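Everything numeric here is computed off the predicted structure, so don't read it as measured data.
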Amino acid sequence: MIAIAVMFLTACNKDMNEVMPSSTGQTDVASDSNLKKCKHTRPFSINFYTTVDTNSAIPPTPCSGDLPGFANAGYFLHGTASHMGLINVAGSRGQDVSCNLSFTTALLTTSVAGEITSACGDKIFYTGNDEINVFNLLTNSGTTGTITGLWTITGGTGKFAGATGSFPINGPVDFTTSTFSITGVGTITY
């Protein structure tokens, strides 16, 4: 009985050594790969509307172009984004970095920068270039226009640290309230 038990334990020990080699090279590779975060590219969709930021400590951005004195205020984003859920409005703000109004093209072109914050506090940072069609406003034929552009994800915090990607934006603008609504589908890597 003792001889059979010794043979059984020896066989099990031999099988374990074959399955779990003690080579440090294989063990190090497995532990190193567990330490590195895998990033994956996923679809990213947004559905936002804005309200104007009236904080006087952050002044509107003065625009160049055909209408001296024209300036764009910052905005808060409301809505949802995939991988974020319902966004935190107080932490989701954008601001024009530069803007130009052209009567010839009936376009307000802007460069924007901002952040989108999830309900749990993780952030995505973005920059972008937009075109706002102001034809109706310039010709007194209406108080609405359209906004189109491309926003690029330039990093983030929390689970979005080091995030990259981009998404087009498109939607209506209401010039009486200085607000816009946008949707877009692109990609995010995090």
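Side-chain contact check for Phe76 versus Val52: every heavy-atom pair is 4.5 Å or farther apart. Between Met84 and Ile124, the closest side-chain pair of non-hydrogen atoms falls below 4.5 Å. Residues Phe180 and Asp174 form no side-chain contact, since every pair of their non-hydrogen atoms from C-beta on lies 4.5 Å or further apart. Contact check for Ser166 versus Leu150: side-chain heavy atoms found under the 4.5 Å cut-off. Between Phe135 and Leu107 the shortest side-chain heavy-atom distance does not fall below 4.5 Å. With a 4.5 Å cut-off on side-chain heavy atoms, Thr41 and Ile188 do not count as touching.
Side-chain N/O atoms of Thr61 and Gln95 include a donor and acceptor closer than 3.5 Å. A donor-acceptor pair shorter than 3.5 Å cannot be found between the side chains of Thr146 and Asn133. Thr189 and Lys39 form no side-chain donor-acceptor contact under 3.5 Å, judged by distance and modelled atom types alone. Looking at Trp151 and Asp130, their side chains do bring a donor and an acceptor atom within 3.5 Å of each other.
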Could you go through Asn72 and Leu108, starting from their C-alpha distance and side-chain angles, then the distance that decides it, and tell me whether this counts as side-chain contact (heavy atoms from CB on, under 4.5 Å)? CA-CA 10 Å; Asn72 274 350; Leu108 172 63; 3.6 Å; yes
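Environment of CZ in Phe103: crowded, with over 12 heavy atoms of neighbouring residues, nucleotides or ligands closer than 6.0 Å.
For an aromatic pair to be called close, the ring centres must be under 6.0 Å apart, and His83 with Phe160 fails this.
Thr157 and Phe125 make their closest contact through CG2-CZ, 3.9 Å (heavy atoms, listed as atom of the first residue, atom of the second, distance).
Aromatic ring orientation, His78 versus Tyr49: parallel (interplanar angle below 30°, classes split at 30° and 60°).
Judged by distance alone, the side chain of Arg42 and the main-chain N or O of Ser82 form no donor-acceptor pair under 3.5 Å. Not a single donor-acceptor pair under 3.5 Å links the side chain of Ser102 to the backbone N or O of Ala106. Of the possible donor and acceptor atoms, one in the side chain of Asn88 sits under 3.5 Å from a partner among the backbone N and O of Gly91.
Arg93 forms no cation-pi arrangement with Tyr75, by the criterion of a distance under 6.0 Å to the ring centre and an angle within 45° of the ring axis.
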